[in-house]
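To start, the structure under review is shown below, and the notes come after it.
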Amino acid sequence: MFRRGVIVMALCVAVFSLLSGKAYAAAKPAAAKPGATLANLLSAYNGEKNAQVRYMSFAQQADKEGYKGVASLFRAAARSEQVHYEGHERAIKELGGVPKVNMLATPVKSTKENLETAINGENYESGKMYPEFLAQAEKDKVKPAIASFKGAVRVEAVHAQLFKKALKDLDSWKGQKKDFFVCLVCGNVTENKPPMVCSICGAPKEKFTAVN
């Protein structure tokens with residue numbers, strides 16, 4: 001009888017320990033937010049905000065110099081950067097962060113020099129900054145950041161190519177404005193007409209907005 005009581009007691013202790021362990025596991029606090037990815041999102045948000053303002057200033061300068069086509073391109077790029085910072089903002093808020101911006105002075109030079117500045121900036125973002133940010137977001141497994149960075153890295157490369165095209169034959173961009181279309185999902189920029197489907201994010205034609 002005594003032995004039976006000991007066995008019952010042991011079983012009760014084992015069950016209690018098992019249940020307690022499960023309760024403890026369930027009560028453990030959630031993992032901390034991925035600080036590196038959040039910091040990268042804040043940096044990218046600040047950068048895109050500044051780029052949007054910078055490109056609008058470059059557009060005004062291009063208009064003054066008669067490069068109406070270049071002005072259109074800068075305005076399209078500015079709208080694209082807005083799509084990017086809005087995406088970063090949503091991701092920041094999902095991670096519990098607060099979007100902040102430090103607006104920097106925008107040195108505006110000649111349109112030729114402004115295009116060179118823009119090309120350097122886009123090459124840095126598409127070739128170094130965003131690939132590094134994307135790799136960190138994938139390591140941290142932060143889906144909103146992955147989506148935001150993945151679209152941006154490809155679109156910044158598109159910006160660079162368009163700026164290079166304008167710089168290569170600058171005189172042909174004088175006179176009339178040009179039509180550009182910006183994807184409101186990823187920020188992709190196309191010339192003349194919107195595609196049936198965005199080549200970067202797969203969004204339909206209806207998601208493109210005209211900028212000129």
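We're numbering straight along the sequence, starting at 1.
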Side-chain donor or acceptor of N188 paired with backbone N/O of C198 under 3.5 Å = no
Given side chains that start at C-beta, do those of V101 and N50 come closer than 4.5 Å, heavy atoms only?
-> yes
Roughly how far apart are L167 CG and N114 CG, rounded to 0.5 Å?
-> 11.0 Å
Check: E86/Q82 side-chain N/O donor and acceptor closer than 3.5 Å | yes
Between A145 and T37, the two heavy atoms sitting closest are CB-CG2, 3.5 Å
Report yes or no: do Y124 and I119 belong to one cluster of Ile/Leu/Val/Met/Phe/Trp/Tyr joined by side chain heavy-atom distances under 4.5 Å?
-> no
State, to 0.1 Å, how close Y55 and A77 come at their nearest heavy-atom pair, and which atoms those are.
-> CD1-CB, 3.6 Å
Contact summary for Y67 and D171, nearest pair of heavy atoms | OH-OD1, 4.2 Å
Name the orientation class of the two ring planes belonging to Y130 and H88 (parallel below 30°, tilted from 30 to 60°, perpendicular beyond 60°).
-> tilted
Spell out, yes or no, whether L134 and L95 are grouped together once hydrophobic residues are joined by side-chain heavy atoms under 4.5 Å, including indirect joins.
-> yes
Sorted by chain and number, sequence neighbours left out, side chain to side chain contact (heavy atoms under 4.5 Å, CB included) with A160 holds for E122, N123
Which atom names give the shortest non-hydrogen contact between V158 and V189, and what distance separates them?
-> CG1-O, 3.6 Å
Aromatic W173 / basic K178 pairing, under 6.0 angstrom, 45° off normal | yes
Same cluster or not: are L162 and V153 linked, directly or through other Ile, Leu, Val, Met, Phe, Trp or Tyr residues, by side-chain heavy atoms under 4.5 angstrom apart?
-> no
Please round to the nearest 0.5 Å and tell me the distance separating atom CG of L41 and atom CD of E89.
-> 11.5 Å
Does K93 reach the side chain of P99, with side-chain heavy atoms less than 4.5 Å apart?
-> yes
Taking a hydrophobic cluster as the set of Ile, Leu, Val, Met, Phe, Trp and Tyr residues connected by side-chain heavy atoms closer than 4.5 Å, whether directly or through intermediates, do I200 and I146 fall within one such cluster?
-> no
Do E113 and S110 have side-chain atoms, one donor and one acceptor, less than 3.5 Å apart?
-> yes
Taking C-beta and beyond as the side chain, do E48 and V83 meet within less than 4.5 Å on heavy atoms?
-> no
Indicate yes or no: at least one non-hydrogen side-chain atom of N46 is less than 4.5 angstrom from one of Y85.
-> no
Determine whether more than 12 heavy atoms belonging to other residues, nucleotides or ligands lie under 6.0 Å from atom CE of M196.
-> no
Step by step, would you call K49 with E81 a salt bridge (Lys or Arg N to Asp or Glu O under 4.0 Å)?
-> CA-CA 7 Å; K49 272 275 193 176; E81 304 298 18; over 6 Å; no
Between F163 and F74, what is the ring plane arrangement, given parallel below 30°, perpendicular above 60°, and tilted in between?
-> tilted
Correct closest heavy-atom pair for A78 and M56 would be CB-SD, 3.6 Å
How would you list, by chain and number, every residue that makes a side chain to side chain contact (heavy atoms under 4.5 Å, CB included) with N212, sequence neighbours excluded?
-> S72, K177, D179
H159 and S80: side chain donor to acceptor below 3.5 Å = yes
If we only count heavy atoms from C-beta on, is the V211 to L73 side-chain gap below 4.5 Å?
-> no
E125 versus H84: any side-chain heavy-atom pair under 4.5 Å?
-> no
D63 side chain vs A71 backbone, donor-acceptor pair below 3.5 Å = no
Residue pair V70 / F58, side-chain heavy-atom distance below 4.5 Å = no
Donor-acceptor side-chain pairing of S172 and D169 below 3.5 angstrom = yes
For the residue pair C201 and C183, what are the closest heavy atoms and their distance?
-> SG-SG, 3.7 Å
State the CD-NZ distance between E138 and K141, to the nearest 0.5 angstrom.
-> 11.5 Å
side-chain hydrogen bond (donor to acceptor under 3.5 Å, both in side chains) partner of T111, the single match among E65, K174, Q61, E116 | E65
Does the side chain of F208 reach to within under 4.5 Å of the side chain of V182, using non-hydrogen atoms?
-> no
Cluster overlap V53 with V108, hydrophobic side-chain contacts below 4.5 Å | no
